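Note sheet for the following structure.
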Amino acid sequence: MSELALAGGAAGEQLFRQPAAATSSLMLEIDGWEGPLDLLLDLARRQKVDLRRISILELVDQYIAYIGQAEALKLEVAADYLVMAAWLAYLKSAMLLPKEEQEDPSPEELALRLQLRLQRLAAMREAAARLLARDRLARDVFCRGAPEGLAVDRRALWQCEVFDLLQAYGQVKARTAPVVHMVHDRKVMTLDSALARVSAMLGLTLDWVELRDFLPPLPLGEGDWADPRLRRSALASSFVAALELAKQGKAELVQDYTFGPLRLRRLGVAA
Amino acid sequence: MNGPDTLLRAVEATLFAATEPMSVEAISTHLGGADVRAALAELAAFYGPRGIHLVERGKRWHFQTAPDLAHLLRRDHEVARKLSRAATECLAIIAYHEPVSRAEIEAIRGVQTAKGTVDVLMEAGWVRIAGRREVPGRPVIYATTPAFLAHFGLASRRDLPGIDELRATGLLDPVDVAFDALIAGGDDPADDLSDK
Amino acid sequence: MNGPDTLLRAVEATLFAATEPMSVEAISTHLGGADVRAALAELAAFYGPRGIHLVERGKRWHFQTAPDLAHLLRRDHEVARKLSRAATECLAIIAYHEPVSRAEIEAIRGVQTAKGTVDVLMEAGWVRIAGRREVPGRPVIYATTPAFLAHFGLASRRDLPGIDELRATGLLDPVDVAFDALIAGGDDPADDLSDK
C-alpha cells in the first residue's frame with residue numbers, strides 16, 4: 001500500500017509545486033481526469049497488477065488520500081469526486097466490518113461492481129488507443145489527391161415524331177382560325193308585304209278564302225317562288241298578316257277543326 | 001515476377017496522393033533525393049494497358065484515367081421523354097414560320113408560351129437562335145437546325161406539308177382538334193383553356 | 001501478358017476517378033449494370049504488392065496508398081486534428097457497442113459526456129444517429145458510419161481491434177449483466193475473473 005500511496009502522493013506533489021498557481025493547476029489536473037472513475041482507474045493502474053486482482057481497499061485509500069490532499073489546499077473539488085470519495089469511505093468501512101454485520105448489498109458486491117466498471121472503462125480506453133494507432137486515412141494512407149470525379153448527366157432524350165409535329169401545327173391552325181358564322185341571305189316574304197298582299201286580295205272577294213290561296217300560285221311563282229323555303233316563309237307571314245287583320249277588325253278567321261284549313265274573309269260585308 | 005521495388009511503389013503512391021501534377025524534381029525531393037526517372041518510365045509503361053495511365057504533361061507527371069474510358073467519368077444518362085404538347089406546337093410553328101420571335105409564336109399559338117418551352121427545344125438541339133428581329137426591343141428570333149431536319153427525316157423545310165395538304169389529311173379539322181383535346185386530357189392546361 | 005480486360009479497366013478507372021468510396025452496386029450501376037465483384041477481387045489482389053491498394057471499407061471500395069509508405073507521404077499532408085480523450089473514448093464505446101445511447105456511454109465512462117463531444121464525432125462523419133431506443137424517454141442512439149470504417153482502415157466492424165476477445169470475456173456487456181453472470185456462475189467471482 002505504501003508504495004502505491006507514494007505514487008499517488010508523488011503525482012500530487014508535482015502538482016502542488018507552485019502554490020501560487022496551484023488553484024488553476026489543480027483544477028486543471030482534476031479536469032484532466034474524465035471524472036472520478038477515470039481517476040480511480042488511473043490509481044488502480046498504479047497497483048501494477050491485473051485489474052481483476054486490484055485491491056479495492058488500497059484503491060479506496062489512495063482515492064480518499066488524493067481527494068483529501070486536494071481539499072487540504074482549500075480548493076474546490078468537483079462534487080462528483082467528493083461524492084465518490086464519500087461512497088468509497090462507506091464501502092471501506094463496510095468492508096472492514098465482520099461479514100455477519102454487513103448490509104445488503106454486501107460490500108463485496110459493491111466492490112465487484114466497481115471492479116467490473118473499471119475493467120470496462122479500461123477495455124474501452126485500450127480499444128480507443130488501438131483504434132487510433134491504426135493506419136488512418138489522411139494520416140497514414142491517402143486517397144487520390146485529385147480525383148477526376150464521376151458525374152452523371154441526366155439528359156432528356158426528347159421524343160417527337162413528324163406526325164406529332166404536323167398534328168400540332170394543324171391544331172394550332174384550326175384552333176386559331178377566325179370563327180365566322182355565315183348567315184345566308186335567304187329569300188323571305190316580309191310581314192309588311194304579306195299584309196299588303198292579303199289585304200289587297202281580301203278586297204277582291206267577299207267569300208271565305210283559304211289562307212293557302214293567298215300565296216302566289218305556283219305557275220306564277222317561276223324562279224324564286226318555286227323555292228319551298230320561301231313558300232313556307234310566305235305562309236307564315238300570311239298567317240301573321242291574317243291575325244293582324246283580324247285584330248284590326250278588317251277580317252275574320254275560322255278553322256273548323258284542329259289543323260283544319262284556315263279560312264279568311266273580309267269583315268264588314270255581313271255587317 | 002517480384003513485387004515492385006520500394007522506390008517504384010513510393011513514386012506510385014506519391015503521384016497518386018498528389019493534388020497537382022508533379023515535376024521530376026518535386027517527386028525526387030519528396031522522396032529524399034532519389035532518382036525517379038527510371039521509376040516514372042517503368043510506371044508509365046506498366047500502366048499503359050490499364051484503366052489508369054501515368055502521363056507527363058508539360059514536364060509534370062500525374063495519373064489520369066485512360067482516355068478511352070473518359071466516357072465513364074461523365075456519363076450521359078438519357079431519359080426518353082415525350083415532348084409536351086406546348087413544345088410540339090412551338091416547334092411546329094418555328095418550323096413553318098421561321099425565323100420567328102417568341103411574341104410571334106404566341107400570336108400564332110394564341111396562348112402564352114413559357115420561356116422554358118423554347119429552351120427545351122434548344123436543349124433538344126432542334127431550335128437555335130437565328131439572330132434578332134430589327135424592330136423595337138430587338139427580339140430574339142428562332143429557327144430550326146439541321147438536327148431538326150435529321151430527326152424528322154426531312155430533306156428540307158419545304159418537305160413540310162402545306163396548309164392545304166394538312167387540310168386534306170383532316171389535320172385541320174376542328175372536330176379532330178376537339179377530340180384530341182379530349183384525349184389529351186389536360187396534358188397542357190394552357191392549351192386546354194385556349195381550346196375553349 | 002495480355003492487358004486487363006475492358007471491364008477490369010473500367011472498374012479500375014471508375015474507382016480511380018471517384019471522389020468517394022463506392023459500393024458494388026454503385027460501381028455496377030455506373031458501368032451499365034455489369035457484375036463487378038470478380039473484377040474488384042482481381043484488382044484488389046493485383047494491387048496488393050503495389051504502392052496503391054484497392055480496399056473495401058464498410059462495403060465500399062476505394063483506392064488508397066499502401067500503409068507502409070505512410071512515412072513518405074505524411075509530411076506534406078495535414079495531420080488530422082487530434083481528438084480529445086473524451087471524444088476518442090466516446091468513439092471507441094460507440095464503435096464497440098453500437099447502437100448505444102448517451103446514457104450508456106456515460107455509464108461506461110463514469111462521467112457526463114458533453115454534447116459537443118458526440119457532435120465532434122458526427123461532424124467528422126464517423127458517427128450518426130441510428131434512431132431511438134424504444135425505452136422510456138426514447139433516447140437517441142448512435143452508431144458508426146462507413147466513413148468511420150474507411151478512416152480507420154476497417155473492412156467492417158468485425159475488424160475492430162480485439163472485438164472478439166472483448167465480446168468473449170464479456171467486457172462489452174453492461175456491468176449488471178456481467179455481475180449477474182458471475183453470480184449465476186456460482187463460483188467465487190474473483191476466481192472466475194482470474195481464470196482469464
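Just so it is clear, the model here is predicted, and its values are computed rather than measured. Order of the sequence lines fixes the chain letters, A, B, ..., with proteins taken first and strands second; residue numbering starts at 1 for each chain.
Of the candidates C:Leu91, C:Thr88, C:Leu166, A:Met124 forms a side-chain contact (heavy atoms from CB on, under 4.5 Å) with just one, namely C:Leu166.
Looking at C:Leu160, the atoms closer than 4.5 Å to chain A (heavy atoms on both sides) all sit in the side chain, from C-beta outward. When heavy atoms are compared at a cutoff of 4.5 Å, C:His97 approaches chain A solely by way of its side chain, counted from C-beta outward. There is no contact between A:Glu126 and chain C, counting heavy-atom distances below 4.5 Å. In this structure, the portions of C:Asp176 lying under 4.5 Å from any heavy atom of chain A include both its backbone and its side chain. Only the backbone of C:Pro174 comes within less than 4.5 Å of a heavy atom of chain A; no side-chain atom from C-beta onward does.
Comparing A:Leu51, A:Leu121, A:Val141, A:Asp135 by how many heavy-atom pairs each has under 4.5 Å with chain C, the most go to A:Val141. Top candidate by heavy-atom pairs under 4.5 Å with chain C, chosen from A:Ala128, A:Ala129, A:Ala123, A:Cys143, is A:Ala128. Most heavy-atom pairs under 4.5 Å with chain C: of the set A:Ala122, A:Ala146, A:Gly149, this distinction falls to A:Gly149. Comparing C:Ile93, C:Ile163, C:Leu172 by how many heavy-atom pairs each has under 4.5 Å with chain A, the most go to C:Ile93. Ranked by heavy-atom pairs under 4.5 Å with chain A, the first of C:Leu154, C:Val175, C:Thr113 is C:Val175.
Relative to the six-membered ring of C:Phe179, A:Arg113 meets both conditions, a distance below 6.0 Å and an angle of at most 45° to the axis.
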For residues 56-66 of chain C, which side-chain N or O atoms pair as donor and acceptor with protein atoms under 3.5 Å away, sequence neighbours left out?
residue : atom : partner  : partner atom : Å
C:His62 : NE2  : C:Gln64  : OE1          : 2.9
C:Thr65 : OG1  : A:Phe142 : N            : 2.8

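Atom CZ of C:Phe152 is separated from atom CG of A:Leu137 by 10.0 Å, given to the nearest 0.5 angstrom.
With sequence neighbours left out, the salt bridge (Lys or Arg N to Asp or Glu O under 4.0 Å) criterion links C:Asp119 to C:Lys115.
Side chain of A:Tyr81 to backbone of A:Gly35: a donor-acceptor contact under 3.5 angstrom is found.
At a threshold of 4.0 Å, the pair C:Arg109-A:Glu34 counts as salt-bridged, since one of the basic side-chain nitrogens sits closer than that to a carboxylate oxygen.
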